[in-house]
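Both counts, for ligands and for their atoms, begin at 1 and track the order of listing.
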Amino acid sequence: MSVQPCPDLEVLFAELEEGEGSALDHAADCSACSAVLEEHRLMEQDLYRLADPLPPPTLVASVMARVATEPVPQRREVWSGLTILMSSLIGGLGILVMSDQALGRLGTGVASLLVEGRLFVEGVLSGARALWSTEGLAVAAVLAFLLLTSLAGLKRLAGSAPTPSEA
Ligand SMILES: [Zn+2]
């Protein structure tokens, strides 16, 4: 077998994904390329370790068990979190609908709303655009805050379950 030049790394990694290819065949016999592949493998391993570990398969069961044994206030906390989330979504939709442009379009088009769904969609979309251009940052911040708080709540509920890194 003649000595081939080392393949482009992009080609090598593409074939690594596919699991076969001439570059991979070359790497098997080439110390430089197999070193690169090994380094890549280790790095990928580290990345997987750094990435949030998947919840343990018993997560739902342990959360439900904890919720069942928790005193009422904590259960209420979960429900109030969900309620806040839902009402903020509904409120957000309300703001979209109430915004001037959307309201104007809806006012004239409300009779034909059912047959002209397009008008409604356009109204909501223009409302969303107006809202986004004026309040985009605030809306994004509120949504991110809600997401984080509900995640934090879930994590606290699941707190007693050992994470894979602790196990
Ligand atoms: Zn090589």
> Rounded to the nearest 0.5 Å, how far apart are CD1 of I84 and CG of L146?
Replying inline: 7.5 Å

> Going only through I, L, V, M, F, W and Y residues with side-chain contacts under 4.5 Å, is there a path from L37 to V11?
Replying inline: no

>> Nearest 0.5 angstrom please: L24 CG to S34 OG, how far?
In response: 11.0 Å

> Is there side-chain contact between H26 and P5, with heavy atoms separated by less than 4.5 Å?
Replying inline: no

> Would you say Q45 has more than 12 foreign heavy atoms packed within less than 6.0 Å of its CD?
Replying inline: yes

> Going through the distances and angles, do R41 and E44 end up as a salt bridge (charged side-chain N to carboxylate O under 4.0 Å, His left out)?
Replying inline: CA-CA 5 Å; R41 194 180 63 82; E44 212 170 44; over 6 Å; no

> Listing by chain and number, what protein N/O/S atoms are under 2.8 Å from the Zn ion (ligand 1)?
Replying inline: C6 SG, H26 NE2, C30 SG, C33 SG

